[in-house]
2 protein chains.
Amino acid sequence: MTERHKPSLPQTGNDEPIVLVVDDDPSVRRALINLFESVGLRVAAFGSASEILQSKPPEVPSCLVLDIRLPGLSGLDLQADLAKANIHTPIIFITGHGDIPMTVRAMKSGAVDFLTKPVRDQDMLDAVQAAIERDRKRREIEKTVSNVRSRFESLTPRERDVLSLVASGMMNKHVAAELGLAEITVKIYRGQIMRKMGAKSLAELVKMNEALGTQHAKRDEQT
Amino acid sequence: MTERHKPSLPQTGNDEPIVLVVDDDPSVRRALINLFESVGLRVAAFGSASEILQSKPPEVPSCLVLDIRLPGLSGLDLQADLAKANIHTPIIFITGHGDIPMTVRAMKSGAVDFLTKPVRDQDMLDAVQAAIERDRKRREIEKTVSNVRSRFESLTPRERDVLSLVASGMMNKHVAAELGLAEITVKIYRGQIMRKMGAKSLAELVKMNEALGTQHAKRDEQT
DNA sequence: CTACGGGACAAACCTAGGTATAGCTCGCCC
DNA sequence: GGGCGAGCTATACCTAGGTTTGTCCCGTAG
């Protein structure tokens with residue numbers, strides 16, 4: 001299970017997870033790279049927050065291992081910037097001299113873990129595994145939702161009106177009354193909506209519409 | 001807005017939020033009680049984990065303010081016990097001598113905040129407000145879901161079979177084929193399901209069924 | 001034994017959903 | 001100015017959904 005099947009060079013085009021390490025201390029970077037590679041994980045290392053912000057976010061399940069204290073932007077600042085940029089790669093912090101308020105802030109902002117130096121290898125590997133798993137799930141959800149969203153965007157304004165009323169359970173005649181239309185018009189829009197959204201039944205359509213609305217409140221459980 | 005409209009004795013039967021304080025130091029308890037009462041919050045105070053475990057959980061929005069170090073069960077132990085007992089009252093920890101691993105563990109387990117002594121009054125009040133708000137939302141969701149669940153439990157086994165297939169978008173004739181029934185039988189069960197569940201449309205039924213299935217993965221966002 | 005609830009089905013009947021074909025106006029882009 | 005897409009509607013027709021009434025079998029609780 002922990003066997004290396006290939007030389008595992010970080011080539012593009014596969015979907016092996018990758019760990020992104022940000023630490024200004026080259027010896028720490030080296031140690032983390034060795035640790036992760038020893039269990040067959042791909043790694044990319046950076047010396048500062050700005051370096052990683054310039055690189056494009058990977059499109060495979062990944063996580064960040066961040067030192068709190070970094071030259072320029074701190075780890076916490078980087079976390080905030082990534083959140084603002086709508087990048088949700090899970091973050092594991094490491095610190096030599098952190099305090100509790102810092103920890104709380106990081107965890108409240110969604111960090112997966114906050115480890116103190118000296119970090120035990122197993123703790124780090126456990127945290128990374130949990131983080132990558134979290135990212136995998138997030139990407140899965142994100143993929144299906146963005147699919148639905150792009151279909152939704154192909155709807156005309158009027159079709160969207162009809163969709164929201166139909167998905168709320170109103171009958172065609174009531175939708176028609178609500179929108180000042182003839183019932184037949186609603187039926188036709190409804191058929192177009194089903195086709196454009198790729199829904200094979202009303203139940204599917206309702207679920208898709210829910211997924212669009214639920215976009216705001218989401219987060220996964222811990223442990 | 002912060003005005004006291006009544007003498008505010010903790011009578012049962014209203015739905016004013018309440019803060020539950022657990023600290024073994026009477027002077028700290030006193031200070032916290034004063035603080036919370038000064039902004040019109042109801043408070044109940046306890047000296048140990050076992051004391052609060054014996055009292056019945058309040059049925060109004062509430063939160064716990066826990067010292068990490070307690071006689072007997074520690075704050076973290078209490079948190080774990082409450083989780084096991086399926087009691088999800090949000091928790092705010094306070095500590096004089098906490099460390100980072102402790103903080104991480106508490107936050108991972110869902111704590112709202114983790115404050116270090118000396119605690120600034122405003123920080124405590126902010127945390128309590130956030131915690132109570134979280135509990136209020138959780139209770140709201142819990143209320144509607146348990147409503148749906150109790151309706152679901154009034155369904156016969158066969159009706160549940162039909163429900164899950166109907167809610168997945170299958171047509172009556174396909175449901176019938178799947179279950180080895182006549183289409184008319186499915187129609188009749190379907191009508192009974194709609195009545196028992198109190199759904200006025202298929203869309204509502206689908207949403208109810210989703211709510212039942214989503215029971216496991218839930219958590220709300222932070223900040 | 002009887003009453004009762006769950007499960008299953010049928011005929012008859014009605015309503016809601018959905019498609020095809022066709023036709024209309026309006027604003028916009030080239 | 002002609003083509004185009006969005007928006008809107010009508011007629012006709014078909015399928016799916018849903019109720020009512022009535023019937024039957026079975027197991028079990030009283």
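Naming: A, B, ... by sequence-line order, numbering from 1 per chain.
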Inset, instruction - Begin with the C-alpha distance, continue with both residues' side-chain angles, and end with the deciding distance and a verdict on side chain to side chain donor-acceptor pair (under 3.5 Å) for A:H174 and A:N172. - result: CA-CA 5 Å; A:H174 295 145; A:N172 287 344; over 6 Å; no

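More than 12 heavy atoms of other residues, nucleotides or ligands lie within 6.0 Å of CD in B:E183, so this atom counts as buried by the packing criterion.
Judged purely by atom type and a 3.5 angstrom limit, A:R139 uses its side chain to pair as donor or acceptor with the backbone of A:V60. Judged by distance alone, with hydrogens and angles left aside, the side-chain atoms of A:Q79 form a donor-acceptor pair with the main-chain N or O of A:A106 at under 3.5 Å. Proximity of a side-chain donor or acceptor of A:R160 to a complementary backbone N or O of A:L155 within less than 3.5 Å is detected. Side chain of B:R42 to main chain of B:E16: a donor-acceptor pair is present (N/O by atom type, distance under 3.5 Å, no hydrogens or angles).
A straight line from CG of A:L181 to C1' of D:dG7 spans 9 Å, rounded to a whole angstrom. Per the geometry, CG belonging to B:L179 stands 8 Å off P belonging to C:dA8, to the nearest Å.
Within residues 182-199 of chain A, the residues having any heavy atom closer than 4.0 Å to DNA chain C are, in order of number, A:I184, A:K187, A:R190, A:G191. For DNA chain C, the residues of residues 156-177 of chain A within the heavy-atom distance limit of 4.0 Å (strictly under) are A:M171, A:N172, A:K173, sorted by number.
With respect to the salt-bridge test (charged N to carboxylate O, under 4.0 angstrom), the residues A:R149 and A:E142 qualify. Between B:E140 and B:K143 there is no salt bridge, since no side-chain N of the basic residue sits under 4.0 Å from a carboxylate O of the acidic one. Salt bridge B:E204/B:K207: absent, no basic N to carboxylate O contact under 4.0 Å.
Partner of A:F93 under the side chain to side chain contact (heavy atoms under 4.5 Å, CB included) criterion, chosen from A:V65, A:D113, A:L76: A:L76.
Between the two ends of the helix from C:dC1-D:dG30 to C:dC30-D:dG1, each summarised by a five-pair axis, the helix axis turns through 30° (rounded to 10 degrees).
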